[in-house]
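Step one of this worksheet: look at the structure below.
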Amino acid sequence: MGLKFDFSNLFEPNLPGGLREEEIDACVQRMGDVLRRFKERRPDFSKLDPNWISSVKAYEDWVRKFDAVVVLGIGGSALGNLALHTALRPLNWNGMTREERNGYARVFVVDNVDPDFFASVLDRVNPRETLFNVISKSGTTAEVMANYSVARSLVEAYGLDPKEHFLFITDPHKGVLRKIAQEEGIKTLEVPPGVGGRFSVLTPVGLFSAMAEGIDIEELHAGAKDAIERSLDEKIFENPAAMIALTHYLYLKKGKTISVMMAYSNRMVHLVDWYLQLWAESLGKRYNVRGEEVFTGQTPVRALGATDQHSQIQLYNEGPNDKIITFLVLENFEREIVLPKMEGEEFEYLSGKKLSALLLAEQLGTEMALTRNGRPNMKVIFDRLTPYNVGQFFAYYEMATAFMGDLLEINPYDQPGVELGKKLTFAFMGRKGYESYKIEIAKKKVTIE
Ligand code: PA5
């Protein structure tokens, strides 16, 4: 039970020009310091407060009466929800009848202000049977505020009581959502103040919508708890999170500035998107902890196997050798399709085989080709997509990100680079108090119409 990790193709002699075990050995002391510092100042995300589960469970009966939960959030307040939904529910969940869903809710995650997108979600739900789950830690994010106002006016237009159709997940004290909730008696859950958005999937942020669609949230925590414990092991070669951080760090130093995560399962694509945000926003930093300019980070890229073998793999095999690739491999699929017998040479080798066997063979072929071409790659292996395994995945990568942040000597928990753009948006939309940000960026226009 649990995830398996295969780091073999990051190392010599499997990988020509790859890492040598001595390079890891040489970092044991440094990694030990990283682990000690982590244990001393244990970040809240890694504490897995049992109250995160119990506070969500308090709404278990209430949420059962809704046919749909529409999550309104963005970034760390949405990507985990989407990852859980796609990985742990059938891909056609939102198209199934309520009976087929055992009465659990459909879950839509609206994480953009694209009117075509939001309107198409609203078309698919009946407001009378819908709960709008507004998630914003700060309670100031423009996209979420805009989408909340749309949902709010819809609920009011139907003559419904907002107290019965909204649940806010927000900071326990600050922000406009908290204020509205206090004034109007709208139900709330807390984003723990010490947990940043992209580290919050295992808090009520991710747990509530997961519970609403029937995902076992206790198992999610059980997997995460085991992974966190394992991530504190000082035997580096037995610690997956330390190995991920250290190998990615050493390869970054060797010029692998891109980290590709390639899932061989459509149900895992949003796990990859979740990782993309975590790795990008946590590690992409201008300054180190001493305030020196470092412009560090490793650009995460998403790929889907086998689809992107016909799009990206040429580049990965023969283009610049600047990537470290992680495969997400699923050994047992929920559904299976056996290929029918067909006449002709082009079909013979396929006849009678499982579609999953073809996908797994494609993954192996890609991995071996990359290895032969000197392209470092590793595997995270899921025997099945279960809440326990997905909980492990989240926790291992959160831990690895924290460790990588320490190795890079940056603060992985802030995002100053996002702030200026947010303020400029406020200024362009005419928000009071932001006028001074409205600077003329284009001194010279070069446009084609
Ligand atoms: O990880 C983060 O901190 C960000 O991606 C935030 O989650 C995102 O900006 C949304 O912020 P908020 O939850 O305050 O609306």
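Values below: all heavy atoms of this structure, side chains included; hydrogens, waters and symmetry mates excluded. Just so you know, ligand 1 is whichever comes first in the structure, and atom 1 is the first atom listed for that ligand. The first residue in the sequence is number 1, and the count goes up from there.
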Tabulated below should be the N or O atoms of ligand 1 paired with protein N or O atoms at under 3.5 Å; can you produce that?
residue	atom	partner	partner atom	Å
ligand 1	1 (O)	Arg198	N	2.9
ligand 1	1 (O)	Arg198	NH1	3.2
ligand 1	1 (O)	Gln277	NE2	3.2
ligand 1	1 (O)	Glu281	OE1	3.1
ligand 1	5 (O)	Gly76	N	3.2
ligand 1	5 (O)	Gln277	NE2	2.6
ligand 1	5 (O)	Glu281	OE1	3.1
ligand 1	7 (O)	Gly76	N	3.0
ligand 1	13 (O)	Ser77	OG	2.7
ligand 1	13 (O)	Lys137	N	2.8
ligand 1	14 (O)	Lys137	N	3.4
ligand 1	14 (O)	Ser138	N	2.8
ligand 1	14 (O)	Ser138	OG	2.6
ligand 1	15 (O)	Ser136	OG	2.6
ligand 1	15 (O)	Thr141	OG1	2.4

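Of the candidates Glu213, His270, Arg267, His85 forms a side-chain hydrogen bond (donor to acceptor under 3.5 Å, both in side chains) with just one, namely Glu213.
Residues passing the salt bridge (Lys or Arg N to Asp or Glu O under 4.0 Å) test with Asp49: none are found, sequence neighbours excluded.
With salt bridges taken as basic N to acidic carboxylate O contacts below 4.0 Å, none links Arg106 and Glu129.
Taking the ring centre of Tyr104 as origin, the terminal cationic atom of Arg64 falls inside the region bounded by 6.0 Å and 45° from the ring axis.
Using cut-offs of 30° and 60° on the angle between ring planes, the pair Phe45 and Tyr413 is tilted.
Judged purely by distance below 3.5 Å, without hydrogens or angles, the side chains of Asn321 and Lys256 pair a donor atom with an acceptor atom.
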